[in-house]
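Indexing begins at 1, ligand by ligand and atom by atom, following the structure's order.
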Amino acid sequence: MKPKIFVARAVFPEVLERLSQHFDVESNQDDRIFTADELLVKAKGKDGLFATPSEPVTAALFAANPQLKAVCNMAVGYNNIDLAAATKAGVMATNTPDVLNETTADFGWALLMATARRVTESEHWLRAGHWKKWSYDSFVGPDVHGSTLGIIGMGRIGQAIARRSMGFDMNVLYYNRSRLSPELEVRANNARHVGKEELLRTADHVILVLPYSAASHHTIGAAELALMKPQATLINLARGGIVDDAALIATLRAGGIAAAGLDVFENEPAFNPDFLGLSNVVLTPHIASASTPTRLAMANCAADNLIAALSGNTPPNLLNPDVKAAA
Ligand code: GLV
């Protein structure tokens, strides 16, 4: 008998087909959003769960499903999974690192350019019929080339963003728990490791690419925003909750920083509606990894992990190796 899995969200049909060759699959191609309690029920009798960042995979789900062996997230971030509870319950948890680094870095660049150079703001103005004449100061803003880029969270995506800055002759500062090796710093456009305060005071453009955890909650709040230059921009590519969105809205309203580009929000998709009243924000719906090849690679990577986990092998992207060691 094939192992049973639940695919919690709609996914590429070819990946579903691949999963069906290995598993007895119950899927959600209607793409309903399940609450934590509904998901707990959907997981009943299943050996594996294919999840995305939208699904809360809780301690209660593990407690109610002692048969569950693996939860495989189609995302590099996994703060939707209670990893400590998974480990305690002996359930393997996996993510999809690496396959999305370059696409996400491209999008970080798109957000940075759109935010600093006021692309969406000016387009909305044009579409609203306001464009009657060229003016020397229409939509002027900061330069990107030659400026100082501050990257908070210098993992593989942060490094891919830094590499792109070479073409823009930028200085790169980064803040990360641990310093990169000298070789990696050179590859990342000679990035210089600094404290968070120095980065926030010095950078012209700050990009956030650190993972969300209790420790990184509100890494950027009112106090941090107050350190930034009034001409600076802030880009959040990481996760909602890393920025205190209410504090950011207040700072943007008061002109404390020039603009923000946001792909992720607290409580998304029900983000703070006050953002909509601000012209100096670029808002996108959590799409940094959304190129077709990358999303397909992420889905296949999650499938690879599930196939390995449920056939007695170590999944390539196991987040809690203690589970495998204890098995
Ligand atoms: C997307 O947000 C991811 O974590 O992959």
Side-chain angles (χ1 to χ4, degrees), residues 7-12 15 28 31 33-34 39 49-58 70-83 86 92-112 151-161 176-177 207-220 234-243 245 260-271 275 282-306 315-320:
V7 179
R9 295 292 306 281
V11 73
F12 295 93
V15 176
N28 174 23
D31 214 25
I33 298 290
F34 297 111
L39 191 66
L49 190 58
F50 182 114
T52 77
S54 311
E55 284 74 58
V57 185
T58 59
V71 175
C72 298
N73 230 27
M74 182 185 149
V76 63
Y78 50 88
N79 56 302
N80 58 308
I81 301 174
D82 185 333
L83 191 62
M92 288 177 263
T94 66
N95 67 341
T96 61
D98 294 327
V99 291
L100 45 57
N101 295 345
E102 302 301 324
T103 297
T104 304
D106 287 349
F107 193 80
W109 218 259
L111 261 190
L112 168 58
I151 302 176
I152 300 188
M154 198 59 152
R156 284 161 290 202
I157 298 172
Q159 292 169 49
I161 289 171
N176 199 49
R177 262 179 320 190
I207 299 200
L208 306 172
V209 264
L210 65 167
Y212 181 83
S213 67
S216 65
H217 183 72
H218 287 185
T219 293
I220 302 294
L234 177 73
I235 307 299
N236 188 5
L237 270 195
R239 271 289 182 279
I242 287 182
V243 175
D245 285 351
L262 307 169
D263 187 47
V264 287
F265 303 85
E266 288 188 294
N267 200 31
E268 64 181 56
F271 63 93
F275 278 122
V282 177
L283 308 171
T284 54
H286 201 148
I287 56 168
S289 65
S291 75
T292 309
T294 291
R295 283 283 168 86
L296 185 58
M298 289 165 71
N300 272 314
C301 179
D304 290 343
N305 281 310
L306 204 43
N317 309 111
L318 185 60
L319 295 165
N320 51 355

Item checked: Donor-acceptor under 3.5 Å (E102 side chain, A160 main chain) -> no

Check: Should Y78 and T94 count as side-chain neighbours, where that means a heavy-atom distance under 4.5 Å?
Finding: no

Dump the pairs for me: ligand 1 N or O, protein N or O, distance under 3.5 Å, to 0.1 Å.
from     : atom 1 : to   : atom 2 : distance (Å)
ligand 1 : 2 (O)  : R239 : NH1    : 2.7
ligand 1 : 2 (O)  : H286 : NE2    : 2.5
ligand 1 : 4 (O)  : V76  : N      : 3.4
ligand 1 : 4 (O)  : G77  : N      : 2.8
ligand 1 : 4 (O)  : R239 : NH1    : 3.4
ligand 1 : 4 (O)  : R239 : NH2    : 2.8
ligand 1 : 5 (O)  : V76  : N      : 2.8

Margin query: Give me the atom names and distance for the closest heavy-atom approach of V243 to E266.
Written below: O-CD, 3.6 Å

Next item on the list: Using side-chain hydrogen bond (donor to acceptor under 3.5 Å, both in side chains) as the criterion, point out the one residue from N305, T96, D98 that pairs with N317.
Entry: N305

Note to self: Please tell me whether D263 and N236 have a donor and an acceptor in their side chains that are separated by less than 3.5 angstrom.
What the structure shows: no

Note to self: Counting only heavy atoms from other residues, nucleotides and ligands, does the tally under 6.0 Å from CZ of F107 exceed 12?
What the structure shows: yes

